[in-house]
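Computation of the quantities below employed the complete heavy-atom set of this structure, encompassing side-chain atoms and omitting hydrogens, waters and symmetry-equivalent molecules. In what follows, chains carry the letters A, B, and so on, assigned in the order in which the sequence lines appear, proteins first and then strands, with residues in each chain numbered from 1.
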Amino acid sequence: MGGRSCPGTHRNLAVPIYGLTDGNSFYCSCEAAFDPKLKGLPVVVLSNNDGCAIARSSAAKALGIKMGDPWHIVRGKRELEHVQWYSSNFALYGDVSRRVFQVLADRVPRAEPYSIDETFLDLTGLPGNLHERCRQIREDVRKIAKIPTCVGWGPTKTIAKLGNSIAKDEPGLEGLCDLTDPEVRATYATLPAGEVWGIGGRTTEKLQKAGVITIADFVRLDPRQVRDQLTVIGARIHAELRGISCLPLSLVAATRKGIAVTRAFGHPITTWCELREAVAAYATRAGEKLRSEGLQASHMAVFLQTNPHKPDEPWHSEQRAARIEPTSDSMALIAEAGRMLKPLWKAGHRYYKAGVILNDLVAQADQPAMLFATRDPVRSASLMAAMDSVNARYGRGTVRPLSTVIQRGWSTRHDRLSDRYTTRLEEILVATAW
DNA sequence: TCTGGGGTCCTAGGACCC
DNA sequence: TCTGGGGTCCTAGGACCC
């Protein structure tokens with residue numbers, strides 16, 4: 001990696017220093033934060049449907065459990081009997097994430113949340129010993145939010161990110177890695193280029209064919225060549241590794257560009273009836289997400305896939321997309337999704353996964369009709385929580401569970417479809433002509 | 001031999017990230 | 001039997017317009 005660039009132009013300005021903190025095995029650490037006896041044990045957090053491992057504690061990693069391992073295979077192994085496994089609880093992880101961010105934001109001039117477990121920090125011009133400062137921040141997060149982290153820092157975000165991953169891999173560094181010094185960076189330039197943030201599998205392959213193996217090899221390339229072969233994205237990474245900051249800290253939370261609700265069914269679906277029910281539920285959920293953020297969507301895509309893990313069965317993946325009237329009304333979304341899905345569905349296929357994706361989001365014009373659609377006879381906690389959040393936003397009683405409505409014989413406020421609450425999915429499907 | 005060309009909008013698809 | 005669910009950004013190419 002090269003030295004710092006552009007010296008002297010802004011002699012009066014301090015050299016920028018970016019930090020990156022990252023929660024170790026974040027989801028597992030969240031579970032352990034609420035159940036301290038998990039500390040040090042092999043813990044695994046599973047994806048939706050408990051399909052595969054999406055987080056492993058270090059003890060679980062040591063047992064050889066990999067990211068994305070299908071749980072039905074791993075579970076059967078005798079030597080893994082004592083692994084503690086959890087279904088994912090994203091509401092919990094979101095809460096912990098906000099707490100961690102608050103601790104960080106209170107301790108640096110500027111902080112940018114990057115992902116559920118990562119935060120970029122502005123460490124520019126801080127007085128005193130930076131290493132000691134980062135050590136203290138890390139300690140505070142562990143004490144207050146109960147989450148172990150690593151911190152890396154350097155002159156650009158990409159270098160900070162690299163520092164963070166080095167801090168994670170080298171126990172001797174005690175979770176801290178300072179890459180502000182070009183000479184220190186040079187000692188890590190023998191790492192594979194694929195370790196760099198933004199250089200994924202495809203790019204690594206491409207680079208290898210050109211004889212580029214290590215970070216040092218990559219940095220040595222001619223910038224124009226990088227721009228030609230790897231587009232502006234590659235060019236930015238290349239510059240950042242040479243100490244030229246191209247990715248500024250952004251303090252305004254980016255407005256969301258899209259909303260996706262996609263899911264594997266858990267078992268193959270063959271009938272139109274089952275399929276429409278699943279996709280109607282996704283569209284309903286997508287509408288809830290829109291409304292909870294005060295947004296409307298004016299573009300929708302729907303897709304349908306068979307199982308990609310069955311090489312002997314033919315694989316189909318079909319998608320349809322179209323502009324729609326701006327809406328956040330679940331009813332309208334269900335109707336649109338149905339219209340798009342119908343020509344995609346074919347009898348005889350064993351469908352594995354489907355999804356509804358909303359794009360071109362705009363601020364909501366006015367309040368849409370509320371819809372509470374579920375076949376679930378159980379009032380699950382997540383359902384009640386979703387209902388509460390709608391009511392908190394639009395006023396008490398805007399939505400209620402179906403059972404309450406029936407029980408009390410209420411004739412309730414209307415929606416666009418009929419003169420009473422439409423809460424049963426079957427009715428919605430009939431009414432929207434699926 | 002040589003088919004206008006540039007701008008803009010839209011979509012699909014690729015690549016990467018957590 | 002059972003294999004994640006979200007996101008972002010960029011590019012190429014077609015349609016359309018002048």
Side-chain angles (χ1 to χ4, degrees), chain A residues 20-27 30 44-56 65-76 85-90 93-94 97 113-120 157-158 161 164-165 168 193-207 227-237 246-247 250 253-269 282 285-286 289 293 298-301 303 305-311 313 315 317-323 350 352-361:
Chain A
L20 180 73
T21 75
D22 166 298
N24 302 344
S25 310
F26 185 66
Y27 299 160
C30 289
V44 172
V45 171
L46 301 173
S47 66
N48 184 52
N49 293 336
D50 292 345
C52 60
I54 56 171
R56 306 100 71 220
I65 300 173
K66 302 264 181 320
M67 189 73 166
D69 272 356
W71 194 242
H72 65 97
I73 292 171
V74 176
R75 189 174 37 195
W85 60 276
Y86 288 79
S87 298
S88 43
N89 180 352
F90 288 99
Y93 310 149
S97 173
Y114 170 64
S115 74
I116 194 162
D117 71 327
E118 289 168 282
T119 304
F120 281 106
K157 279 184 165 181
T158 303
K161 195 96 166 67
N164 181 281
S165 87
K168 228 180 291 181
E195 296 280 303
V196 173
W197 182 38
I199 301 184
R202 292 308 179 96
T203 307
T204 301
E205 225 171 88
K206 212 167 170 182
L207 288 172
R227 171 66 182 82
D228 287 349
Q229 304 285 313
L230 304 180
T231 81
V232 295
I233 301 206
R236 277 204 284 261
I237 296 168
C246 307
L247 306 169
S250 118
T255 48
R256 184 209 266 286
K257 304 269 190 327
I259 284 175
V261 181
T262 70
R263 212 133 285 158
F265 301 126
H267 67 96
I269 280 184
Y282 301 168
R285 177 77 193 110
K289 285 190 181 183
E293 299 186 28
S298 43
H299 185 274
M300 173 186 274
F303 73 84
Q305 292 176 1
T306 60
N307 196 333
H309 306 293
K310 306 253 176 177
E313 290 179 18
W315 187 63
S317 169
E318 289 192 276
Q319 170 164 354
R320 207 158 266 216
R323 192 141 293 287
R350 293 161 59 78
Y352 166 83
K353 182 179 184 176
V356 173
I357 299 161
L358 304 176
N359 277 304
D360 292 354
L361 308 185

Item to complete: Kindly say whether A:V44 contributes a backbone atom to a donor-acceptor pair with the side chain of A:R56 at under 3.5 angstrom?
Response: no

Discussion item. My understanding is that only residues two or more places apart in sequence, or in another chain, count here; which of them pass side chain to side chain contact (heavy atoms under 4.5 Å, CB included) with A:D360?
Written reply: A:S298, A:H299, A:R323

Worksheet item: With a non-hydrogen cut-off below 4.0 angstrom, is A:I259 in contact with a base, only sugar-phosphate, or nothing?
Response: sugar-phosphate

Discussion item. Need one value for A:S88: base, sugar-phosphate or nothing, where a base atom within 4.0 Å counts as base even if backbone is also close, heavy atoms only.
Written reply: nothing

Worksheet item: Is a side-chain donor or acceptor of A:S115 paired with a backbone partner of A:E118 at a separation under 3.5 angstrom?
Response: yes

Worksheet item: Sequence neighbours excluded, which residues qualify as ring-ring contact (aromatic ring centres under 6.0 Å, His included) partners of A:F26?
Response: none

Item to complete: Select base, sugar-phosphate, or nothing to describe what A:W71 touches, counting heavy atoms under 4.0 Å on all strands.
Response: nothing

Worksheet item: NA contact type, A:F90, heavy-atom cut-off 4.0 Å: base, sugar-phosphate, or nothing?
Response: nothing

Practice prompt. Verify whether the ring centers belonging to A:W197 and A:F120 lie closer than 6.0 Å.
Written response: yes

Practice prompt. Look at all strands and tell whether A:R320 reaches a base, only sugar-phosphate, or nothing, counting heavy atoms closer than 4.0 Å.
Written response: nothing

Worksheet item: Heavy atoms under 4.0 Å, any strand shown: does A:F26 hit a base, just sugar-phosphate, or nothing?
Response: nothing

Worksheet item: Taking the nucleotide of DNA chain C with the closest heavy atom to each, which residue, A:I233 or A:G266, is nearer the 5' end?
Response: A:G266

Worksheet entry | ring-ring contact (aromatic ring centres under 6.0 Å, His included) partners for A:Y282, two or more places apart | none

Worksheet, complete the sentence: In the 5' to 3' direction, the nucleotides of DNA chain C bounding the stretch that comes under 4.0 Å of a heavy atom in chain A are C:dC2 to C:dT11

Discussion item. So A:K206, base contact, sugar-phosphate only, or nothing? Heavy-atom distance under 4.0 Å.
Written reply: nothing

Discussion item. My understanding is that only residues two or more places apart in sequence, or in another chain, count here; which of them pass side chain to side chain contact (heavy atoms under 4.5 Å, CB included) with A:K66?
Written reply: A:D69

Item to complete: Apply side chain to side chain contact (heavy atoms under 4.5 Å, CB included) to A:S88 and list each qualifying residue two or more places apart in sequence or on a separate chain.
Response: A:V45, A:I54, A:F90, A:Y93

Worksheet item: When the P atoms of B:dC17 and C:dT3 are considered, how many whole Å apart are they?
Response: 26 Å

Discussion item. So A:E118, base contact, sugar-phosphate only, or nothing? Heavy-atom distance under 4.0 Å.
Written reply: sugar-phosphate

Practice prompt. Tell me what A:D50 touches on the nucleic acid: a base, only sugar-phosphate, or nothing, going by heavy atoms under 4.0 Å.
Written response: nothing

Item to complete: Report which part of the nucleic acid A:I73 touches: base, sugar-phosphate, or nothing (heavy-atom distance under 4.0 Å, all strands).
Response: nothing

Discussion item. Categorize A:A53 for me: base, sugar-phosphate, or nothing, with a 4.0 angstrom heavy-atom threshold over every strand shown.
Written reply: nothing

Worksheet item: Can you name the side chain to side chain contact (heavy atoms under 4.5 Å, CB included) partners of A:Q319, sequence neighbours left out?
Response: A:A301, A:F303

Practice prompt. By nearest nucleotide on DNA chain C, pick out whichever of A:H309 and A:R256 is the more 5' one.
Written response: A:H309

Fill in: Sugar-phosphate only, base, or nothing, as touched by A:V196 at under 4.0 Å among non-hydrogen atoms
sugar-phosphate

Item to complete: Could you check whether A:I54 gets within reach of a base, just the sugar-phosphate, or nothing at all, counting any heavy atom under 4.0 Å?
Response: base

Worksheet item: Looking only at atom C1', what distance separates C:dC18 and B:dC2, rounded to whole Å?
Response: 25 Å

Worksheet item: In which ranges does DNA chain C form stems of 3 or more consecutive Watson-Crick or G-U pairs, distances under 3.5 Å?
Response: B:5-18 with C:5-18

Under 3.5 Å, which donor-acceptor pairs do the side chains of residues 258-268 of chain A form with other protein atoms, sequence neighbours left out?
none

Practice prompt. Would you indicate what A:G355 reaches in the nucleic acid, counting non-hydrogen atoms under 4.0 angstrom: base, sugar-phosphate, or nothing?
Written response: nothing

